[in-house]
Amino acid sequence: MALLEEAIKEVKIIKNFIGGEWVESKGEIIDVVNPATCQTIARVPISTSEELDAAVEAAKEAFPSWRATPPLARARYLFTLKELLEENFEEVSRIQTQEHGKTIDESRGETRRGIENVEVACGIPTLMQGDYSEDVATGIDEWIIPTPLGVFGIIAPFNFPWMIPLWSAPYAVATGNCVVIKPSSEVPNSQTRLAELVEEAGFPPGVWNVVNGGRTVVNGMLDHPEIVGITFVGSTPTGRDVVYKRCGETGKRVIAQCGAKNFMTIMPDCDVDRTIAAMMTSFFGNTGQRCLSAANAVIVGDDDTFYKNFMDKVVDQTSRIKIGYGLDESTQMGPVRDKGKKGNILRYIETGIKEGAKLRLDGRTVNVAGGYPDTCFLGPTIFEEATPDMKIGSEEIFGPVMSVMRVKDLTEAIEIANANPFGNGNSIFTTSGKSAREFQYNITSGNVGINIGITAPIATFPFSGMKDSFFGVLHTQGKEAVRFFTESKVVIQRWF
Ligand code: NAD
């Protein structure tokens, strides 16, 4: 099938967006490489702490008049932005595929999920209404005003370059705050395009800023006295040990959504065909690089015939997944983001073999459609006879690797999932209401799937997480994001 036209056609040095201006960075410049073609598609700066300071200063300056802009008027900017995002839907989707490697349909899904957050934030005039109580004591009334706080930092990972800042930024600005976004330096292009569309929508300078870079920018945000809060999405070591810890020390409110190891529990009474269809997207969608990707398939019961038939079908369907460049619409799985990540996944596969798991499908060598270099490509891998104490059964691999385990009953399936340090997204496949209820009640996981391989919750729901997958109290998206980005100012008045 013919390739779709690429959206990024020439290699440009990406600029920062500070105070409504596109500003060249003085920092080191590194290449952004398309993992499918191995071609450089952009060059991105590793910005300096002075550049972060300039963005925070611009945001701080913009805050008083943005805060005083009526919520309905702020919503109008978001409505305009939403229209621009729709007009540019296909272009921004193709940018994601070029910079990240995911298939064009996965990118379109990501674009849609991002836009949905803008749409929800358009409801801000009602979402941030306060509460009022008359006569709390004789002649005294009391009310709550949800109040914006100032400048927020938004720190993003590589795996959903477009959507993840949109879990936070629309709510932050809708509530009257200003933001500084730091995209992952591996995939900065779609956030640059988003900021161009924010500019076109006419947002006042300084409300929405983007500073590209790495640790210097993150550390600068965490220490910056003018930044009041942070939303972070990324790995557990960074989220827990760097971001959450430092926000505690510097007194910032924080949402830190972190890593995962997700268990998919398969009951013998499941609808086999639908379960396997869900497994294909859940384990191998986004090439396994989703915090809600399934990692362990836990098959319940001692029925060897069921197990054998089920696994034969899983292996058969998995081995037919078409791998290639995501701009070919027939591609079902793209590359992983870079060769370092591929190396990490290959090491896990070697470890699984050494640990004694049975390699049923070996993705280490791969047939890439279209003849692209296999530098960042991997095939899907399936291990059977894995156990929850093996590294492949317990640690986040973040690649297209399925570890299959067998357990005697649902209680054991829940026990092994709960014993894992992560608690992001676990699911069950069953036609029994009792089993579904038992699973959702007892599982220690922020997102729970019943007969569904888990995807990001819709924008009106919080993106949850438990244990080592989440640090904080409130979550991104919807009403919880509105709470996070506002403080309840309580006013008490005596009427003389
Ligand atoms: P990462 O932790 O390496 O990077 C995330 C961000 O932190 C990036 O912007 C990066 O520049 C910065 N960073 C990295 N190391 C840092 C350090 N030592 N000090 C300061 N800043 C640092 O994560 P990643 O590899 O980009 O993303 C993949 C991870 O994100 C996976 O663990 C995945 O499960 C997780 N994730 C979680 C969710 C969720 O909602 N729970 C969603 C998507 C991804």
Side-chain angles (χ1 to χ4, degrees), residues 27 30 32 44-47 49 52 99-100 102 110 113-114 117 153-168 180-188 191 210-224 230-247 254-262 285-295 336-338 340-342 344-345 395-399 420-426 445-447 454-457 459 461-472 475-477 480-481:
I30 60 169
V32 180
V44 65
I46 301 301
S47 302
S49 49
L52 170 69
E99 67 181 350
H100 177 277
K102 61 184 72 187
E110 177 172 353
R113 285 309 182 86
N117 279 283
I154 296 175
I155 303 164
F158 82 89
N159 64 328
F160 284 98
W162 164 265
M163 173 180 73
I164 286 180
L166 288 169
W167 288 349
S168 297
V180 180
I181 298 171
K182 192 210 80 71
S184 166
S185 54
E186 299 169 31
V187 285
Q191 284 306 310
V210 180
V211 179
N212 291 284
R215 292 174 190 197
T216 303
V217 177
V218 173
N219 291 332
M221 282 182 171
L222 300 176
D223 288 340
H224 206 296
I230 297 282
T231 64
F232 166 89
V233 180
S235 63
T236 296
T238 317
R240 179 189 55 203
D241 306 335
V242 180
V243 176
Y244 189 67
K245 185 165 175 270
R246 289 266 284 288
C247 285
V254 61
I255 293 174
Q257 294 176 199
C258 300
K261 184 75 176 178
N262 302 318
N286 220 39
T287 322
Q289 300 167 112
R290 287 197 311 223
C291 69
L292 290 174
S293 289
V336 292
R337 223 320 290 167
D338 58 50
K341 291 180 179 45
K342 175 176 167 177
N344 193 37
I345 298 163
E395 297 180 5
E396 183 174 44
I397 301 176
F398 224 54
N420 187 273
F422 295 106
N424 211 38
N426 293 330
S445 168
N447 304 287
I454 306 170
T455 55
F461 282 83
F463 195 112
S464 189
M466 287 186 188
K467 302 191 286 186
D468 278 358
S469 296
F470 175 71
F471 299 89
H475 304 89
T476 53
Q477 296 204 141
E480 288 206 19

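Counting begins at 1 with the first residue of the sequence. What you see is a predicted model; the values in this text were computed from it and never measured. Counting starts at 1 for both ligands and their atoms, in listed order.
By the side chain to side chain donor-acceptor pair (under 3.5 Å) test, Ser464 is found to be paired with no residue, residues two or more places apart in sequence or in another chain being considered. For Asp241, the salt bridge (charged side-chain N to carboxylate O under 4.0 Å, His left out) criterion is met by no residue, not counting sequence neighbours.
Atom 6 (C) of ligand 1 has its nearest heavy-atom neighbour, among Ala156, Ser184, Gly234, in Ala156. For the residues Met221, Arg215, His475, Gln289, the heavy atom positioned nearest atom 19 (N) of ligand 1 is part of Arg215.
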**Request:** Show your reasoning for whether side chain to side chain contact (heavy atoms under 4.5 Å, CB included) applies to Phe463 and Val233.
**Result:** CA-CA 11 Å; Phe463 195 112; Val233 180; over 6 Å; no
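Each of the atoms 34 (O), 35 (C), 36 (N), 37 (C), 38 (C), 39 (C), 41 (N) of ligand 1 lies under 4.0 Å from some heavy atom of Cys258. Near Ile155, with a cut-off below 4.0 Å to any heavy atom, the atoms of ligand 1 are 6 (C), 7 (O), 9 (O). Residue Asn159 has at least one heavy-atom neighbour below 4.0 Å for each of these atoms of ligand 1: 43 (C), 44 (C). Residue contact check: Trp167 has heavy atoms under 4.0 Å from atoms 40 (O) of ligand 1. Close contacts between ligand 1 and Ile164 involve ligand atoms 42 (C), 43 (C) [criterion: under 4.0 Å to a heavy atom]. When each atom of ligand 1 is checked for a heavy atom of Gly259 under 4.0 Å away, the hits are 32 (O), 34 (O). Of all the atoms in ligand 1, the ones that sit under 4.0 Å from a non-hydrogen atom of Phe463 are 39 (C), 40 (O). Residue Glu396 approaches ligand 1 through these ligand atoms, each under 4.0 Å from one of its heavy atoms: 31 (C), 32 (O), 33 (C), 34 (O).
Environment of NZ in Lys467: crowded, with over 12 heavy atoms of neighbouring residues, nucleotides or ligands closer than 6.0 Å.
Among the atoms of Thr236, none of the N or O lies under 3.5 angstrom from an N or O of ligand 1. Between Thr238 and ligand 1, at least one N/O pair is under 3.5 Å apart. Not one N or O of Pro183 is nearer than 3.5 Å to an N or O of ligand 1, by distance alone.
Here the heavy atom of the protein found nearest to atom 7 (O) of ligand 1 is Phe232 CE1, 3.5 Å. Scanning the protein for heavy atoms near atom 2 (O) of ligand 1, the closest one is Ser235 OG, 2.6 Å. Of the protein's non-hydrogen atoms, the one nearest atom 40 (O) of ligand 1 is Gln257 NE2, 3.0 Å. Atom 27 (O) of ligand 1 has Pro157 CB, 3.3 Å as its closest protein atom, hydrogens excluded (heavy atom only). Nearest protein heavy-atom neighbour of atom 26 (O) of ligand 1: Phe158 N, 3.0 Å. Closest protein heavy atom to atom 11 (O) of ligand 1: Lys182 NZ, 3.0 Å. Atom 20 (C) of ligand 1 has its closest protein heavy atom at Val218 CG1, 3.5 Å. The single protein non-hydrogen atom nearest to atom 39 (C) of ligand 1 is Cys291 SG, 3.2 Å, given as residue, atom name and distance.
Listed for the Gln191 side chain is a donor-acceptor partner under 3.5 Å among the backbone atoms of Trp162.
With rounding to the nearest 0.5 angstrom, the CD1 atom of Ile397 is 12.5 Å from the CD atom of Gln289. Atom CD of Glu395 and atom NZ of Lys261 lie 8.0 Å apart (nearest 0.5 Å). Atom CE of Met163 sits about 7.5 Å away from atom CD of Gln477, to the nearest 0.5 Å.
Of all non-hydrogen atoms in Ser47 and Asn212, the two that sit nearest each other are OG-O, 2.5 Å. Among all heavy-atom pairs drawn from Pro161 and Glu110, the shortest one is N-OE2, 3.2 Å. The minimum heavy-atom distance between Thr236 and Cys258, with the atom names listed, is OG1-CB, 3.4 Å. What you find for Pro165 and Ile154 is that their closest heavy atoms are CA-CG2, 4.1 Å.
Protein heavy atoms are absent from the 4.0 Å sphere centred on atom 4 (O) of ligand 1.
Cation-pi geometry between Lys182 and Phe232 is not met at under 6.0 angstrom from the ring centre and within 45 degrees of the axis.
Contact annotation: for Phe398 versus ligand 1, heavy atoms closer than 4.0 Å belong to the side chain alone.
Using cut-offs of 30° and 60° for the angle between ring planes, the Phe471 and Tyr244 rings count as tilted.
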